[in-house]
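Have a look at the structure below, then the notes.
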Number of protein chains: 2
Amino acid sequence: MQLLEERIRRDGQIRPGGILKVDSFLNHQIDTALLFEMAKELHRLFGDAGVNKILTIEASGIALASLTANLFSVPLVFAKKSKSRNISDEVYAVEVPSFTHGNTNTVVVSREYLHARDRVLLIDDFLATGAALVGLKALVEMAGGTVVGAGIAVEKAFQGGGDKLRAEGMRIESLARIASMTDEGEITFC
Amino acid sequence: MQLLEERIRRDGQIRPGGILKVDSFLNHQIDTALLFEMAKELHRLFGDAGVNKILTIEASGIALASLTANLFSVPLVFAKKSKSRNISDEVYAVEVPSFTHGNTNTVVVSREYLHARDRVLLIDDFLATGAALVGLKALVEMAGGTVVGAGIAVEKAFQGGGDKLRAEGMRIESLARIASMTDEGEITFC
């Protein structure tokens with residue numbers, strides 16, 4: 001998606017350790033006009049896939065997932081990173097390591113909100129090692145549901161997670177795919 | 001807002017300790033059609049207030065704030081609950097106690113995304129003690145900006161936080177205001 005690639009080139013910042021900082025428009029401050037264009041593109045790509053639910057993971061996937069779910073007119077479920085007093089004990093749970101934060105989270109979804117009849121589109125802001133998608137897919141499959149694919153804002157293709165999941169049969173549509181980036185700030189898209 | 005009150009009556013669940021569980025349509029699974037109506041109502045209420053930025057707090061405020069910011073055509077900033085490797089060291093920070101989770105979080109916003117020129121609408125899903133709004137307001141004021149008001153999904157008016165902040169001059173519009181609720185499941189709206 002050219003609009004997103006241009007914005008990453010203009011405003012993305014590369015930090016040591018393969019971190020791409022898109023905090024000014026996607027991940028802390030959000031350019032909602034850009035986000036809406038991204039949601040429309042995901043709706044165009046997956047509009048005929050029979051999606052009846054969207055699943056994301058808190059927190060930074062929620063904004064894109066909300067606009068996308070609204071276009072699909074389907075419920076949005078967000079997997080929660082820790083157990084709140086508000087969450088039922090009856091949850092599906094997986095462990096998901098975070099590349100960005102350098103830790104591992106227990107990620108849960110209430111059994112009430114995932115079902116065998118669900119055809120789920122996964123949404124997330126970043127795809128790097130693929131750990132979050134693996135976790136979300138596992139949650140859907142615990143419920144007997146079907147993952148129809150994943151819509152991603154920014155894929156760091158050089159980390160290999162996306163291609164590994166594609167090889168296993170997951171349809172992944174990434175709005176920007178980064179082939180390489182250097183500590184000097186040079187970004188090459190696929 | 002009648003639509004939201006009816007939904008709370010139908011699907012809200014009361015848990016011991018004054019917890020209202022709206023996980024099935026607002027807080028874990030989200031009814032995006034309802035959420036869109038809520039965003040439109042907040043846009044109607046604050047549409048002439050000169051809002052140029054929306055500020056919320058991760059995670060459960062992000063969905064409503066995203067749809068609302070899109071209607072206002074203004075950037076959305078979400079305050080983050082802990083320091084990520086992706087966040088600049090130069091942040092505004094406050095301590096915010098969480099009624100729901102029973103802990104205290106350090107909540108931060110990068111200094112890059114709040115400015116003296118900003119006229120900020122605060123958005124959150126719940127208003128109980130008002131601690132989150134107090135924290136968000138403090139962040140805006142550290143930057144020299146102006147809080148034009150707060151748009152809330154569900155106010156637990158019996159906890160008093162909303163009226164305290166109104167008495168201090170904050171304009172607060174809550175789409176549902178709960179006067180009382182009993183452990184037997186009876187909910188009375190203001």
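Sequence lines set the chain letters: A, B, ... in the order given, protein chains first and strands last, and positions in each chain run from 1.
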### Task
Spell out the residues in residues 51-63 of chain A that have some non-hydrogen atom less than 4.5 Å away from a non-hydrogen atom of chain B, in order of number; otherwise answer 'none'.
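Checking residues 51-63 of chain A against chain B gives Lys53(A), Glu58(A), Ala59(A), Ser60(A), Ile62(A), Ala63(A).
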
#### Entry: Part of residues 127-154 of chain A lying next to chain B, heavy-atom separation under 4.5 Å
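Counting heavy atoms that sit under 4.5 Å from chain B, no residue of residues 127-154 of chain A is involved.
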
So for atom [atom1], which belongs to [X], do other residues, nucleotides or ligands contribute more than 12 heavy atoms lying within a distance under 6.0 Å?
| X | atom1 | value |
| --- | --- | --- |
| Glu168(A) | CD | yes |
| Gln2(A) | CD | no |
| Lys40(A) | NZ | yes |

### Query
Applying the side chain to side chain contact (heavy atoms under 4.5 Å, CB included) test to Leu42(B), which of Leu71(B), Leu67(B), Ile123(B) qualifies?
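Among Leu71(B), Leu67(B), Ile123(B), the one that satisfies the side chain to side chain contact (heavy atoms under 4.5 Å, CB included) with Leu42(B) is Ile123(B).
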
Distance in Å, [X] [atom1] paired with [Y] [atom2], rounded so as to fall on 0.5 Å steps:
| X | Y | atom1 | atom2 | value |
| --- | --- | --- | --- | --- |
| Phe126(A) | Gln159(A) | CZ | CD | 10.0 Å |
| Glu186(A) | Met181(A) | CD | CE | 12.5 Å |
| Ile187(A) | Arg10(A) | CD1 | CZ | 13.0 Å |

### CA sep, side-chain torsions, deciding dist, call: Val91(A), Arg111(A), side-chain contact (heavy atoms from CB on, under 4.5 Å)
CA-CA 5 Å; Val91(A) 298; Arg111(A) 287 169 188 259; 5.7 Å; no

### Message
Within 45 degrees of the ring normal and closer than 6.0 Å to the centroid, is that where the cationic atom of Arg9(B) sits relative to Phe189(B)?
### Response
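Verdict for Phe189(B): no cation-pi partner in Arg9(B).
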
### Query
When heavy-atom pairs shorter than 4.5 Å are enumerated against chain A, which of Phe72(B), Phe36(B), Phe25(B) gives the highest number?
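Looking at each of Phe72(B), Phe36(B), Phe25(B) in turn, Phe36(B) comes out on top.
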
### Message
Ignoring hydrogens, what is the shortest heavy-atom contact between Glu112(B) and Lys21(A)? Give both atom names and the distance.
### Response
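Scanning both residues, the minimum pair turns out to be OE2-NZ, 4.0 Å.
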
